[in-house]
S.K.: 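Sharing a structure here in structure tokens format.
This is a predicted model, so every value here is computed, not measured.
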Amino acid sequence: MKKDRLLSLFLPLSLGLLSACGGSNEQAAEAAANTAAPADVVTDMTVGAIPAPDAAELAAFKAATRKLYDFKEKAFAEGKADPLVNRFYAENATSVGPEGKPYEGRAAYKANYEKVVAAYNVKVEPIRSYVNGNAGWEWANFYVTPKDPNSKEKPFTFVILFLWTKVDGQWVSAGDAYVVGQFPKN
């Protein structure tokens, strides 16, 4: 895959993550423009797997995110965008989907979610999680089913990556990136 294609895929996600962690889009763009590895970074080697998180910390993280996924599923079932947008996502969260057009902030989330919570029910199935301190991520299958039983639209699934951070001691999504697809069942 060409470098420009990789940047087009990962730049929106990095912009959102940096923004959600207190950085600006200008800082993210500057960081993306400076693609040369620092002198002390070895680039001609293979790197191993990410280290396993602390088991107790991971269990607590998974329990907290499961409660938030349950909250999200309930908000969809009840057709309520406001509580979902205001509690699940950080104020400056960023999301990007298959169309590649990121949206940022609660106003953008609300505009999107007001439409989708009225039309769909969802189920979140976490697949792989990682946490270290006040930051974590979780890959999941995100099942979407039309609410209208007479709908000709078939259920579909996203592979989604949720980015998590702690704000005032509470886990909150810093954003997500998703594509149509599904992790295989274990």
S.K.: Is a donor from one side chain sitting under 3.5 angstrom from an acceptor on the other, for Glu114 and Tyr109?
M.R.: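 Tyr109 and Glu114 do not have a side-chain donor-acceptor pair below 3.5 Å.
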S.K.: Taking all non-hydrogen atoms of both residues, which atom of Ser173 and which atom of Ala93 are closest, and how far apart?
M.R.: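 Shortest heavy-atom separation between Ser173 and Ala93 comes out as O-CB, 3.7 Å.
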S.K.: Under a single-linkage rule joining Ile, Leu, Val, Met, Phe, Trp and Tyr whose side-chain heavy atoms are separated by less than 4.5 Å, which residues share a cluster with Val167?
M.R.: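 Grouped by the 4.5 Å side-chain rule, Val172 form the rest of the cluster around Val167.
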S.K.: Mind checking whether Phe142 and Gln182 have side chains closer than 4.5 Å, heavy atoms only?
M.R.: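 No, their side chains stay 4.5 Å or more apart.
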S.K.: For residues Pro53 and Val131, report the shortest heavy-atom separation together with the two atoms involved.
M.R.: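 Between these two residues, the closest heavy atoms are CB-O, 3.3 Å.
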S.K.: Arg106 side chain to Asn92 main-chain N or O, any donor-acceptor pair under 3.5 Å?
M.R.: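 No, Arg106 side chain to Asn92 backbone: no donor-acceptor pair under 3.5 Å.
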S.K.: To the nearest 0.5 Å, tell me how far Lys147 NZ sits from Asn121 CG.
M.R.: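 One gets 5.0 Å once the value is rounded to the nearest 0.5 Å.
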S.K.: Would Ile160 and Val122 show up in the same hydrophobic cluster when neighbours are defined by side-chain heavy atoms closer than 4.5 Å?
M.R.: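 Result: yes, single cluster for both.
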S.K.: Please identify which of these residues, Tyr130, Phe88, Trp171, meets the ring pair (Phe, Tyr, Trp, His ring centres under 6.0 Å) condition with Trp164.
M.R.: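 Answer after filtering Tyr130, Phe88, Trp171: Phe88.
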S.K.: Given the rule that I, L, V, M, F, W and Y join up when any side-chain heavy atoms are under 4.5 Å apart, are Val85 and Tyr120 in one cluster?
M.R.: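 Yes, Val85 connects to Tyr120 through the hydrophobic network.
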S.K.: Grouping I, L, V, M, F, W and Y whenever their side-chain heavy atoms are under 4.5 Å apart, do Leu58 and Ile50 come out in a common cluster?
M.R.: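 Cluster IDs for Leu58 and Ile50 differ.
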S.K.: Return the minimal non-hydrogen interatomic distance between Ala108 and Tyr103, and the atom names on each side.
M.R.: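 That would be CB-CB, 3.7 Å.
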S.K.: Once you round to the nearest 0.5 Å, how far does CG of Leu163 lie from CG of Asp176?
M.R.: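 Answer rounded to 0.5 Å: 7.5 Å.
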S.K.: Lys110: what forms a side-chain hydrogen bond (donor to acceptor under 3.5 Å, both in side chains) with it, not counting sequence neighbours?
M.R.: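 side-chain hydrogen bond (donor to acceptor under 3.5 Å, both in side chains) list for Lys110, sorted by chain: Asp82.
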S.K.: Among Trp139, Tyr143, Tyr178, find the residue that satisfies the ring pair (Phe, Tyr, Trp, His ring centres under 6.0 Å) test when tested with Phe158.
M.R.: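 It is Tyr178, the one option of Trp139, Tyr143, Tyr178 that forms the ring pair (Phe, Tyr, Trp, His ring centres under 6.0 Å) with Phe158.
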S.K.: Of all the heavy-atom pairs spanning Pro98 and Val179, show the shortest one and how long it is.
M.R.: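 Heavy atoms of Pro98 and Val179 come nearest at CG-CA, 4.1 Å.
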S.K.: What's the spacing between Phe183 CZ and Arg128 CZ if we round to 0.5 Å?
M.R.: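 Going from CZ on Phe183 over to CZ on Arg128, the span is 5.5 Å.
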S.K.: If you count every heavy atom of other residues, nucleotides or ligands that lies below 6.0 Å from Glu91 atom CD, does the total exceed 12?
M.R.: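 Result for CD/Glu91: open.
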S.K.: For a 4.5 angstrom cut-off between non-hydrogen side-chain atoms, does Thr157 reach Val180?
M.R.: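 In short, these two side chains do not touch, never coming nearer than 4.5 Å.
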S.K.: Quick one: pull up OG1 in Thr65 and NZ in Lys72 and give me the separation to the nearest 0.5 Å.
M.R.: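 Nearest 0.5 Å value for the OG1-NZ distance: 12.0 Å.
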S.K.: State whether Lys101 and Glu99 are salt-bridged, where the test is any N-O pair (Lys NZ or Arg NE/NH1/NH2 against Asp/Glu carboxylate O) under 4.0 Å.
M.R.: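 Looking at Lys101 and Glu99, the cut-off is not met.
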S.K.: Indicate yes or no: does Lys123 engage Glu73 in a salt bridge with an N to O separation below 4.0 Å.
M.R.: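 Yes, charged N to carboxylate O under 4.0 Å.
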S.K.: In Å, rounded to the nearest 0.5 Å, how long is the span from CZ of Arg87 to CG of Leu84?
M.R.: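 Reported value, rounded in 0.5 Å steps: 11.0 Å.
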S.K.: Report the relative orientation of the aromatic rings in Phe162 and Tyr69; use parallel for angles under 30°, tilted for 30 to 60°, perpendicular for over 60°.
M.R.: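 Correct class here is tilted.
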S.K.: So which heavy atom on Ala90 is nearest to which on Ala174, and how close?
M.R.: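 What the structure gives for the nearest pair is CB-CA, 4.5 Å.
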S.K.: Is it true that Thr165 and Asn134 share a donor-acceptor pair across their side chains at a distance under 3.5 Å?
M.R.: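 There is no such pair between these side chains.
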S.K.: Heavy atoms, side chains only, cut-off 4.5 Å: are Glu138 and Lys62 in contact?
M.R.: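 Counting from C-beta outward, Glu138 and Lys62 do come under 4.5 Å.
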S.K.: Just to verify, what does Asn132 make a side-chain hydrogen bond (donor to acceptor under 3.5 Å, both in side chains) with, not counting sequence neighbours?
M.R.: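 Scan of Asn132 (side-chain hydrogen bond (donor to acceptor under 3.5 Å, both in side chains), adjacent residues dropped) gives none.
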S.K.: So does Arg66 pair up with Asp70, basic N to acidic O under 4.0 Å?
M.R.: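 Salt bridge present between Arg66 and Asp70.
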S.K.: Roughly how far, to the nearest 0.5 Å, is the CZ atom of Phe76 from the OG1 atom of Thr145?
M.R.: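 Here the rounded value is 11.0 Å.
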S.K.: Under the side-chain hydrogen bond (donor to acceptor under 3.5 Å, both in side chains) rule, what do Tyr113 and Tyr89 come out as? Steps first, then yes or no, please.
M.R.: CA-CA 12 Å; Tyr113 273 107; Tyr89 290 102; 2.8 Å; yes
